[in-house]
2 protein chains.
Amino acid sequence: MRLTHKQFRELAAKHGLPVTHQRQVVYEAVIASHRHHSPEDIYAAVRRRIPSISLATVYNNLRLFIECGLLREVTPHASTLRVDGNLEPHHHLVCSRCKSVQDIEGDFIDLKRLSRQLPGGFDLSQPLIEVFGLCRSCSAKK
Amino acid sequence: MRLTHKQFRELAAKHGLPVTHQRQVVYEAVIASHRHHSPEDIYAAVRRRIPSISLATVYNNLRLFIECGLLREVTPHASTLRVDGNLEPHHHLVCSRCKSVQDIEGDFIDLKRLSRQLPGGFDLSQPLIEVFGLCRSCSAKK
DNA sequence: TATTGAATAATAACTATTATAAAACGAGCG
DNA sequence: CGCTCGTTTTATAATAGTTATTATTCAATA
Ligand SMILES: [Mn+2]
Ligand SMILES: [Mn+2]
Ligand SMILES: [Zn+2]
Ligand SMILES: [Zn+2]
């Protein structure tokens, strides 16, 4: 863990973020496992080192880290259910900022290469793809 | 609307779903616009034709339609925030059933073709891709 | 028409997340 | 050292989206 200790201090300095013990431990909990965890997961892990930590602190710092680019959000969708009546196979273009979704067509996937990277047993019989970026109005704004 | 009227009756029959007035109208509201709507959007639209409808009925029927394959869910992620400490550019493989996420590497996107399909102004400077399918254990189960 | 099972409406409950306010902290300074 | 001030954390209330519960309505059948 000495490694991530230093890693966090450097990252925080680069983004002008004051380092606190809580932040340090939250960050380390995220990268300790190479997985994609929920705030509750992180909270449970951090509590083993800081039993008094508040769930709000975990949320606050995860949000902060995501905004600063220290962490990546794995679920860059609108937080509510969205439905699609179009059953034709098609893909989606999602704006990471405003969460808007538009259809996109075309065979831009190299299925051969993709399946070469695929872990065994993964069923990709009709692959659905989402491509994330910034929509026109969002990329104009910033 | 006569078209979707008939279309819904046929789809419902195919899936053994009893047709009710509410279901008919909810379905029509979804495909009336070629967009990706939230349950509240649908609720607002349906209320103009059935003022007494309950929000729960909208939710129930949207879920039902998704399960039967009459509609597609646009947000097939875990419903809670997930964070990723890996900042190296990489893509994700998401299981549509259990919502598990794993990293996937490799250049399986034809960026030339993709940008040909891209609407003007969409910023794809570092494209993130998510590929949806069924993970090994989920595809084994069913 | 009476019976019965399914769908709906009204509303309560629940869960994830955010907002608020008070307490604790900590760097800088006399 | 103590004090001060801005920041962070904690505890908790509030909110939003969704699901569960239950009484009512509906529609098909006998
Ligand atoms: Mn679509
Ligand atoms: Mn990842
Ligand atoms: Zn946008
Ligand atoms: Zn799965």
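Computed from heavy atoms alone, side chains included, the values below leave out hydrogens, waters and symmetry copies. Labels below follow one simple rule: chain letters A, B, ... track the order of the sequence lines, proteins then strands, and each chain is numbered from 1.
Near DNA chain C, meaning a heavy atom under 4.0 Å from it, residues 72-87 of chain B has B:Thr80, B:Leu81 in order of number. The stretch residues 54-66 of chain A touches DNA chain D through A:Ser54, A:Ala56, A:Thr57, A:Asn61, each having a heavy atom under 4.0 angstrom from the strand. Contacts of residues 18-27 of chain B with DNA chain C (heavy atom under 4.0 Å): B:Pro18, B:Thr20, B:Gln22, B:Arg23.
For DNA chain C, the outermost nucleotides in 5' to 3' order that have an atom under 4.0 Å from a heavy atom of chain B are C:dA7 to C:dT17. Of all nucleotides in DNA chain D, those with any atom nearer than 4.0 Å to a heavy atom of chain B start and finish, going 5' to 3', at D:dG17 to D:dA20.
Under the ring pair (Phe, Tyr, Trp, His ring centres under 6.0 Å) criterion, A:His34 pairs with no residue, sequence neighbours left out. Residues satisfying the side chain to side chain donor-acceptor pair (under 3.5 Å) test with A:Glu73, not counting sequence neighbours, are none. Remark: A:Phe8 engages A:Tyr27, A:Phe65 in a ring pair (Phe, Tyr, Trp, His ring centres under 6.0 Å) (not counting sequence neighbours). A:His15 is linked by a ring pair (Phe, Tyr, Trp, His ring centres under 6.0 Å) to nothing, counting only residues two or more places apart in sequence or in another chain.
Aromatic ring pairs are classed by plane angle as parallel below 30°, tilted from 30° to 60° and perpendicular above 60°; the pair B:Phe108 and B:His91 is perpendicular.
Formation of a donor-acceptor pair under 3.5 Å by the B:Thr75 side chain with backbone atoms of A:Ser79 is not found in this model. Although no hydrogens or angles enter the test, the distance criterion places a donor-acceptor pair under 3.5 Å between the side chain of A:Arg23 and the main chain of A:Pro18.
Closest approach of B:Ile104 and A:Leu118 over heavy atoms only: CD1-CD1, 4.1 Å.
Between the side chains of B:Thr57 and B:Asn60, no donor-acceptor pair is found at a separation under 3.5 Å.
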Can you check side chain to side chain contact (heavy atoms under 4.5 Å, CB included) on B:Lys141 and B:Leu134, steps first, answer last? CA-CA 10 Å; B:Lys141 274 174 205 155; B:Leu134 286 178; over 6 Å; no
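Note on residues 75-88 of chain B: no pairs pass salt bridge (charged side-chain N to carboxylate O under 4.0 Å, His left out), not counting sequence neighbours. Listed by first and then second residue, the ring pair (Phe, Tyr, Trp, His ring centres under 6.0 Å) pairs that reach into residues 116-142 of chain B are B:His77-B:Phe132, sequence neighbours excluded. Applying the salt bridge (charged side-chain N to carboxylate O under 4.0 Å, His left out) test to residues at least two apart or on different chains, the pairs with a partner in residues 109-135 of chain A are A:Asp110-A:Arg113.
Contact annotation for B:Ser52: backbone-only contact, meaning every heavy-atom pair under 4.0 Å involves sugar-phosphate atoms and none involves a base.
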